[in-house]
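So the structure is just underneath, and the comments pick up after that.
Numbers for residues simply follow the sequence, beginning at 1.
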Amino acid sequence: MQTSLPPRLARLCTLLGHGCTLACALLIAGYGVVLVDPEPFLPPVETATGLTPGKRVALATLAAVILAPAGVALWTARGLFGRYGQGCVFSHRNATAIRRIGAALLLGTGLAIAGRTAAVLILTHDNPQGARTLAVSFAGHDVLLGLLGALLMVMGWVLAEATRQADENRLFV
């Protein structure tokens, strides 16, 4: 449904859409930096063989899997802000986008926690018996992103229901 947004808000939404596009480009560029020189981004663990080509491939794949939900969330937010900027506020498509962003944040949180553990396992799997490491960690930002993802999913469901009811009410008038 088209809504007349104040011009400043429409411009802000358009600007945020462009910001999401830039953030997607920076995410891809950052992934490229990690591919070229992963050493500064690795957890501080002792490895018997150092960073072998096999470990590089495994870590690059792991990084891509961990970063994928962030890319999905940013790209989806880009479209959502674009529709908001055009005045399309209450729609099933926007509700789906909000749920998708929430799901991506929730999934990304789980993958980040599991990914840190997997990175340590990848780095130390060829260490001698007794020198292998298993480390599971999560931080406050993991909890915050997970809760934010859950909140966005619920808000998307609420918006979908409100949009459905508004469509139904329009048929009666």
> Could you walk me through whether W157 and I98 pass the side-chain contact (heavy atoms from CB on, under 4.5 Å) check?
Replying inline: CA-CA 8 Å; W157 281 321; I98 292 170; over 6 Å; no
>> Between L16 and R78, is the side-chain contact (heavy atoms from CB on, under 4.5 Å) condition met? List the steps.
In response: CA-CA 7 Å; L16 288 171; R78 174 190 173 276; over 6 Å; no
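- Remark: C24 SG to L74 CG distance equals 4.5 Å, nearest 0.5 Å.
- Pairing each heavy atom of G149 with each of L105, the nearest pair is CA-CB, 3.8 Å.
- Under the 4.5 Å side-chain criterion, counting only non-hydrogen atoms from C-beta, L51 is in contact with L42.
- Looking at heavy atoms from C-beta onward, L123 lies in side-chain contact with P43 at the 4.5 angstrom threshold.
- Remark: R164 engages E161, E168 in a salt bridge (Lys or Arg N to Asp or Glu O under 4.0 Å) (not counting sequence neighbours).
- Evaluation of the side-chain hydrogen bond (donor to acceptor under 3.5 Å, both in side chains) rule for T52 yields no partner, not counting sequence neighbours.
- Taking a 4.5 Å side-chain heavy-atom cut-off between Ile, Leu, Val, Met, Phe, Trp and Tyr, the cluster of L15 contains only that residue.
- Expressed to the nearest 0.5 Å, how far CE of M155 lies from CG of L159 amounts to 8.5 Å.
- In terms of heavy atoms, A104 sits closest to V72 at CB-CG1, 4.4 Å.
- By the criterion of side-chain heavy atoms lying less than 4.5 angstrom apart, applied directly or through intervening Ile, Leu, Val, Met, Phe, Trp or Tyr residues, L151 is not grouped with L107; the two fall into different hydrophobic clusters.
- For residues 98-123, the set of pairs meeting the salt bridge (Lys or Arg N to Asp or Glu O under 4.0 Å) definition, not counting sequence neighbours, comprises R116-D142.
- Nearest heavy atoms, A60 versus Y31: O-OH, 2.9 Å.
- Residues L152 and F81 share a single hydrophobic cluster, defined by chaining ILVMFWY side chains whose heavy atoms lie under 4.5 Å apart.
- Heavy atoms only, all atoms of each residue included: L106 and A150 are closest at CD1-N, 4.3 Å.
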>> Would L26 and L22 count as a side-chain contact (heavy atoms from CB on, under 4.5 Å) here? Give the steps.
In response: CA-CA 6 Å; L26 291 174; L22 177 63; 4.2 Å; yes
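- Sorted by first then second residue, the salt bridge (Lys or Arg N to Asp or Glu O under 4.0 Å) pairs that include residues 48-57, not counting sequence neighbours, are K55-D126.
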>> Run T109 and V143 through side-chain contact (heavy atoms from CB on, under 4.5 Å) and show every step you take.
In response: CA-CA 8 Å; T109 299; V143 174; over 6 Å; no
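- Contact between C88 and N94 at its shortest, heavy atoms only, is O-ND2, 2.8 Å.
- Linking Ile, Leu, Val, Met, Phe, Trp and Tyr whenever their side-chain heavy atoms come within less than 4.5 Å puts Y84 and I101 in one cluster.
- Sparse packing is recorded around CZ of F138, with 12 or fewer heavy atoms of other residues, nucleotides or ligands lying under 6.0 Å away.
- The OG atom of S91 lies 9.5 Å from the CG atom of D167; values are rounded to the nearest 0.5 Å.
- Across all their heavy atoms, A118 and L62 have their closest contact at CB-CD2, 3.9 Å.
- Judged purely by atom type and a 3.5 angstrom limit, T124 has no side-chain atom pairing as donor or acceptor with the backbone of T47.
- Under the rule for a side-chain hydrogen bond (donor to acceptor under 3.5 Å, both in side chains), H141 has no partner lying at least two apart in sequence or in another chain.
- L5 and F90 fall within the same hydrophobic cluster, defined by Ile, Leu, Val, Met, Phe, Trp and Tyr side-chain heavy atoms under 4.5 Å apart, directly or through other members.
- Inter-residue side-chain proximity for V120 and L134 is flagged as unmet; no heavy-atom pair is nearer than 4.5 Å.
- No path of Ile, Leu, Val, Met, Phe, Trp and Tyr side chains, each step under 4.5 Å between heavy atoms, connects F41 with V45, placing them in separate hydrophobic clusters.
- Expressed to the nearest 0.5 Å, how far CD1 of I122 lies from OG1 of T61 amounts to 8.0 Å.
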